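A short write-up of the structure that comes next.
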Amino acid sequence: MTSPADKDSLKPSNFLRQVIDRDLAQGTYAGRHWAGHPADAATHQAGQPDPARIRTRFPPEPNGYLHVGHAKSICLNFGLARDYGGVCHMRFDDTNPEKEEQEYVDSIKDAVRWLGFSWDANGTSHLYQASDYFDFMYRAAEYLIQAGLAYVDEQTPEAMRASRGDFGKPGVDSPFRTRSVDENLARLREMRAGKLPDGAAVLRAKIDMASPNINMRDPALYRIKHEAHHHTGDAWCIYPMYTYAHPIEDALENITHSLCTLEFEDQRPFYDWLLDRLREGGLINTPQPRQYEFARLNLTYVITSKRKLKALVDEGHVGGWDDPRMPTIAGLRRRGYTPESLQLFSERIGVSKANGWIDFSILEAALRDDLDPKAARAMAVLDPVKLVIENWGEVMGSDDKLDECTAPVHPHDESRGRRKFMFGRELWIERSDYEETPPKGFFRLFPGNKVRLKYGHVVECIGATRNAATGEIETVRARLVPDTKSGTPGADAVKVKGNISWVGVADGIKAEVRLYDRLFSVAQPDTTEGRDWREELNPESLKVVTAYLEPSLASAKGDEKFQFERHGYFVADRKEHAGGKPVFNRITGLKDSYGK
Ligand code: ATP
Ligand code: MG
């Protein structure tokens with residue numbers, strides 16, 4: 001791993017890096033102690049000096065698969081921790097007593113690890129779940145009551161909503177706001193003991209019903225929910241609200257920089273209010289965490305709402321969470337995206353304070369930039385038609401004669417060796433490489449024209465035969481121009497303008513190739529009033545073809561990426577590709593062709 005200093009010099013600065021630079025320069029967190037695990041103030045203070053210079057966290061709710069927006073958040077949080085000698089915690093935010101699906105938990109861990117990050121640092125696994133903090137959260141709630149900072153409100157939910165006021169209208173104090181500490185404490189304990197039904201009462205912070213920030217108008221801290229929790233079972237029938245739980249989770253874990261998306265900006269005053277009060281009460285470690293907001297990722301042609309991604313799967317618009325058209329990390333991975341390309345993408349888009357749309361072509365460019373120097377080259381014919389070289393036997397001595405041709409595995413790295421494939425009387429070429437009457441500027445096969453079959457010989461086209469019934473071209477006919485084989489002396493004596501790719505009929509491999517395109521056909525799906533996002537699905541997002549591939553691809557392993565010359569980047573499908581039944585996915589074309 002490169003040292004923090006090396007990394008810093010490579011990365012463009014941004015407002016978060018400036019905040020961290022300033023905190024490190026001022027030693028804001030230098031004197032902090034760490035218990036070795038999440039803990040309250042006293043336990044942390046009895047621990048060692050914190051070995052982490054900063055602590056960040058990635059806190060998904062385990063209720064779905066992660067998507068490309070989460071990838072940005074993962075790269076940001078784990079990337080900053082890595083670059084600054086810090087630690088990033090992996091935290092499952094499971095404070096809702098909803099059924100947790102192990103499938104989601106596993107897929108989330110898998111996605112973070114695949115992206116190249118780890119929550120192991122300084123000999124500790126920083127893998128946490130928020131429900132482990134329920135005891136502390138409850139203790140903090142009793143503390144707030146005792147300090148006169150919280151009360152049990154028994155208004156009906158409707159009355160509570162009405163008394164909250166709105167943007168232009170201050171709220172009205174609840175009649176329960178002036179209850180005594182003892183009464184509040186007794187009532188909270190009854191709530192906890194299960195004596196009250198769902199919705200009968202909530203615990204609220206006592207702040208200011210006239211605050212211009214509605215989030216500060218006595219926000220709810222706890223609600224009653226008689227539901228078992230996947231982890232704590234029946235221990236609780238009251239559960240903390242997200243806005244109450246999240247700051248506490250950060251504080252117990254000694255988080256220094258709590259990064260979240262802009263929607264939470266209005267929650268920051270409450271985040272600070274709560275942690276200020278708990279710090280004053282000596283409950284949480286100091287200095288306390290700070291929240292910083294950045295713009296969430298909106299990517300053109302992509303939807304990232306978990307609920308809608310689930311609908312895509314449940315309604316069968318795609319084949320599953322890891323369908324190569326899905327913007328989930330599992331889908332991107334199967335499509336052929338690499339961890340490096342997603343990291344590069346995250347670095348390039350950076351972080352900003354303003355919401356906007358990032359063009360999908362930036363993601364594809366990052367993939368190309370990552371794969372171009374790495375991916376082995378190969379020839380492939382995706383829409384095959386046969387080319388027959390009629391004088392082959394005459395020139396070569398026999399119609400069955402095969403002539404070995406070679407090409408570099410990588411054009412800029414001869415050390416990677418050469419691929420071999422056989423030229424013969426019959427070759428597969430792209431249907432679009434033949435035109436009976438060539439349009440202006442067409443230099444490939446048409447009667448009377450000469451082209452080079454890449455890495456092979458020059459041929460002259462003499463026409464084509466058509467299927468009598470359909471009129472479709474069945475074979476393209478040509479004659480070999482002798483002494484023109486690539487790499488042999490005098491090969492260039494015959495000048496040609498066209499250079500086409502091909503695969504030998506004798507040694508080509510038949511394969512299923514899945515030509516993926518964008519899942520949505522509009523740039524900003526789900527943003528047009530009155531139009532259902534389902535109507536915006538691209539009906540051509542998947543086209544499956546039977547292709548021929550050069551024989552070097554016979555040894556391709558699932559997940560291995562290639563550049564198919566002229567066509568783009570392809571990956572052997574990690575689930576369905578097999579030696580005897582090759583399946584390749586198109587990741588992206590060679591150039592950005594969208595919206596042009
Ligand atoms: P939901 O609220 O529907 O469960 P979510 O996308 O907010 O969905 P979380 O599991 O809460 O999902 O997200 C985990 C982390 O990922 C949060 O810190 C959140 O800010 C971040 N995140 C989610 N979506 C994006 C996005 N599009 N761009 C950047 N960060 C995101
Ligand atoms: Mg969320």
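When a residue number appears, it is its place in the shown sequence, counting from 1. Ligands are counted one by one from 1 in listed order, and the atoms in each one are counted from 1 as well. These numbers were taken from a predicted model, which means no experiment stands behind them.
Using a 4.5 Å heavy-atom cutoff, the side chains of S13 and Q18 are in contact.
Taking distance alone, with nitrogen or oxygen atoms compared against 3.5 Å, R57 stays at or beyond that limit from ligand 1. The shortest N/O to N/O separation between T304 and ligand 1 does not fall below 3.5 Å. Polar contact with ligand 1: absent for F58 (N/O pair, distance under 3.5 Å).
Note that CE of M90 is 6.5 Å distant from CZ of F78, once rounded to the nearest 0.5 Å.
At a cut-off of 3.5 Å, with distance as the only test, no side-chain donor of N538 or Y301 sits close to an acceptor on the other residue. Of the N and O atoms on the side chains of S361 and D359, at least one donor lies less than 3.5 Å from an acceptor on the other residue.
Using a 4.0 Å cut-off between heavy atoms, R307 makes no contact with ligand 1 at all. At a heavy-atom distance under 4.0 Å, no atom of N298 approaches ligand 1.
When the heavy atoms of P327, P62, S73, P60 are ranked by distance to atom 21 (C) of ligand 1, first place goes to S73. Comparing heavy-atom distances from atom 8 (O) of ligand 1 across K72, K310, K306 singles out K306 as nearest.
In this structure, the side chain of D94 engages the main chain of S131 through a donor-acceptor pair within 3.5 Å.
Of the candidates Y222, Y138, Y271, Y244 forms a ring-ring contact (aromatic ring centres under 6.0 Å, His included) with just one, namely Y222.
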